[in-house]
Protein chains: 2
Amino acid sequence: MNKTKEKILNIAERLFGEQGYGATSLRQVIAEAGVNLAAVHYHFGSKEELLDAVVLRGASPLNEERIALLEHYEGEAAPAPVAVEKVLHAIVAPTLMKLKRSPQFAQLMGRLLGEGLMPGMLGRHFKPTVDRFIGAMRRSLPDLPQEELFWRIQFMFGAMAQTLLGRHLFPEALGGPADTSEVVDRLISFLAAGFQAPVPQFAKDQEK
Amino acid sequence: MNKTKEKILNIAERLFGEQGYGATSLRQVIAEAGVNLAAVHYHFGSKEELLDAVVLRGASPLNEERIALLEHYEGEAAPAPVAVEKVLHAIVAPTLMKLKRSPQFAQLMGRLLGEGLMPGMLGRHFKPTVDRFIGAMRRSLPDLPQEELFWRIQFMFGAMAQTLLGRHLFPEALGGPADTSEVVDRLISFLAAGFQAPVPQFAKDQEK
DNA sequence: GTCTATACTGAGATAGAC
DNA sequence: GTCTATCTCAGTATAGAC
């Protein structure tokens with residue numbers, strides 16, 4: 001790939017993740033990358049499309065990993081459905097492991113959910129994977145009403161996003177540099193119970 | 001209160017919530033409010049301090065409501081600890097009810113939480129309430145290790161933030177204009193199970 | 001004490017020379 | 001492909017009118 005383009009992508013990924021998309025200026029990016037401002041617009045078109053390129057580059061391997069893991073679990077369990085915990089592991093573990101290998105990108109993903117930029121991003125880069133995951137979850141929890149399942153998945157994304165952002169809410173209480181695999185276990189335990197929680201009565205009624 | 005100041009606060013609350021803080025310009029605010037640009041800086045000092053004022057105005061009654069509800073449940077249960085579901089209700093219900101009365105402010109809070117809470121916002125406007133809530137939760141779940149409790153609270157804030165942002169992730173699947181009290185029930189059922197989930201083995205070991 | 005007018009710096013974007 | 005110059009609009013600061 002083009003050298004200039006790649007340098008821009010690398011610096012942008014880091015700065016967007018560290019400071020947030022809105023708080024990072026293109027001029028900051030080009031200064032650190034040592035390229036010209038117009039080069040950004042030549043290669044990417046706009047600041048938002050640059051973000052899109054950053055997300056695409058990071059999301060592709062992540063999504064492949066998630067699908068591969070899910071298929072592994074499906075093969076293991078077939079013809080029975082995969083256990084809820086394993087479905088959760090297939091989506092949560094690769095995501096949080098990114099925190100280790102590329103903390104900037106992981107943080108960026110956490111931020112995007114909050115900055116309201118995710119809806120479009122989700123559609124462009126994560127939809128097929130998310131749909132695949134929803135299907136697996138539906139087979140694992142056949143009695144859970146459709147709508148309730150979607151709500152719970154939204155709750156899950158929220159919890160994941162918050163986790164990707166780090167220990168920012170309670171920096172003192174969650175002191176140690178928490179081993180990632182431990183956080184994965186904590187999150188999965190929490191989510192698995194949530195997904196298997198009793199369905200509120202009205203939600204059962206709504207189901208036909 | 002001053003008429004100009006109030007108009008700025010109202011418009012800013014709406015625009016920050018609808019478009020996000022970063023995507024909203026002060027010039028847009030003053031245009032809709034029909035005031036001069038410098039009036040913003042006279043009354044608030046800066047764009048960030050304006051946001052702070054907006055959050056303060058909305059957070060105060062919200063926090064009072066949460067504390068009152070929690071104390072009501074505590075009085076009801078005393079001397080026993082409050083049930084987990086009720087503690088959750090005391091913090092979740094007033095927050096989501098804001099979606100009805102002031103959707104813009106609720107959306108704004110969702111964004112801020114997801115974004116990392118604009119460093120300091122949590123400390124300045126929500127810390128006493130959150131501490132109060134953590135104490136109640138600790139009494140309700142005396143066997144849950146400290147660190148695990150904090151992680152779960154962080155997961156909870158993530159799920160809440162995502163809920164405050166609305167149905168943006170699955171606009172088609174979560175179609176209907178969902179009655180707020182129903183969403184509260186869904187969220188509490190999910191969270192209550194999560195808080196009472198088994199603690200991962202290593203986390204038990206860490207506890208002395 | 002309140003507000004208006006205006007100027008300053010830095011942002012993202014674009015056209016056109018090389 | 002790359003860079004200079006320039007445009008518009010952002011947040012901010014201040015002087016001075018009421």
Side-chain angles (χ1 to χ4, degrees), chain A residues 1-57 104 108 111-112 114-121 124, chain B residues 1-57 104 107-108 111-112 115-121 124:
Chain A
M1 194 196 297
N2 183 298
K3 215 63 181 292
T4 302
K5 202 171 168 182
E6 206 165 348
K7 268 193 290 187
I8 296 173
L9 273 175
N10 289 337
I11 303 287
E13 178 178 73
R14 204 189 79 234
L15 294 181
F16 285 164
E18 282 174 4
Q19 316 174 341
Y21 169 75
T24 301
S25 73
L26 286 184
R27 284 172 163 87
Q28 207 179 344
V29 173
I30 60 136
E32 293 203 28
V35 303
N36 187 277
L37 175 60
V40 175
H41 291 95
Y42 172 74
H43 285 291
F44 301 98
S46 70
K47 188 185 178 186
E48 203 170 334
E49 285 170 289
L50 169 59
L51 171 64
D52 209 73
V54 167
V55 173
L56 174 63
R57 193 180 64 159
Q104 315 88 356
L108 175 59
R111 282 183 194 279
L112 291 182
E115 280 192 62
L117 293 166
M118 208 48 181
M121 239 24 123
R124 280 195 294 282
Chain B
M1 195 197 294
N2 184 300
K3 214 63 180 292
T4 301
K5 201 172 169 181
E6 205 165 350
K7 268 192 289 188
I8 295 172
L9 273 175
N10 289 336
I11 304 287
E13 178 178 75
R14 204 188 78 234
L15 294 182
F16 285 164
E18 282 173 4
Q19 316 175 339
Y21 170 74
T24 301
S25 74
L26 286 182
R27 284 172 163 88
Q28 205 180 345
V29 173
I30 60 134
E32 293 203 28
V35 304
N36 186 277
L37 176 58
V40 174
H41 292 93
Y42 172 73
H43 286 290
F44 302 98
S46 70
K47 188 185 179 186
E48 203 171 334
E49 286 171 289
L50 169 58
L51 172 63
D52 209 73
V54 167
V55 172
L56 174 63
R57 193 181 63 161
Q104 315 89 357
Q107 234 189 321
L108 175 60
R111 284 186 196 278
L112 294 182
E115 196 172 329
L117 236 148
M118 296 309 257
M121 224 43 111
R124 280 196 295 284

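Excluded from the calculations below are hydrogen atoms, water molecules and symmetry mates; all remaining heavy atoms, backbone and side chain alike, are included. Convention: sequence-line order gives letters A, B, ...; per-chain numbering from 1.
- Side-chain contact check for B:His43 versus B:Leu50: every heavy-atom pair is 4.5 Å or farther apart.
- Contact check, A:His41 against C:dA13: a side-chain N or O comes under 4.0 Å of OP1 or OP2.
- Identified under the salt bridge (charged side-chain N to carboxylate O under 4.0 Å, His left out) test for residues 36-45 of chain B, with sequence neighbours left out: none.
- No contact: A:Ala39 has no heavy atom under 4.0 Å from any strand.
- The distance between atom NE2 of A:His43 and atom P of C:dA13, rounded to the nearest whole Å, is 16 Å.
- Whole-Å rounding puts the B:Leu37 CG to C:dA7 C1' distance at 12 Å.
- Residue A:Thr4 has no polar side-chain atom (N or O) positioned under 4.0 Å from OP1 or OP2 of D:dG1.
- When distances run from any side-chain atom of A:Ser25 to the nucleotides D:dA10, C:dA11, C:dC3, the shortest one goes to C:dA11.
- Note that CG of B:Leu51 and CD of B:Glu49 are 10.5 Å apart. Values are rounded to the nearest 0.5 Å.
- Rounding to whole angstrom units, CG of residue A:Leu50 and P of C:dA11 are separated by 15 Å.
- Taking atom CZ on B:Phe44 and atom P on C:dT2, their separation rounds to 12 Å, with Å as the unit.
- Taking the side chain of B:Arg27 as heavy atoms from C-beta on, and the options C:dT4, D:dT4, C:dA7, the nearest nucleotide is C:dA7.
- Rounding to whole angstrom units, CD1 of residue A:Ile30 and C1' of D:dG1 are separated by 16 Å.
- To the nearest angstrom, P of D:dG1 lies 6 Å from CG of A:Asn2.
- Following rounding to the nearest Å, A:Lys47 (NZ) and C:dA11 (C1') show an atom-to-atom distance of 8 Å.
- Listed by first and then second residue, the salt bridge (charged side-chain N to carboxylate O under 4.0 Å, His left out) pairs involving residues 14-37 of chain B are B:Arg14-B:Glu18, B:Arg14-B:Glu32 (not counting sequence neighbours).
- Considering only side-chain atoms of B:Tyr42, the nucleotide from C:dC3, C:dA15, D:dG11 that sits closest is C:dC3.
- For A:Ala38, the side-chain atoms get nearest to C:dA15 when compared with the rest of C:dA5, C:dT2, C:dA15.
- Formation of a donor-acceptor pair under 3.5 Å by the B:Tyr21 side chain with backbone atoms of B:Leu108 is not found in this model.
- Remark: P of C:dA15 and CG of A:Asn36 are 16 Å apart, rounded to the nearest angstrom.
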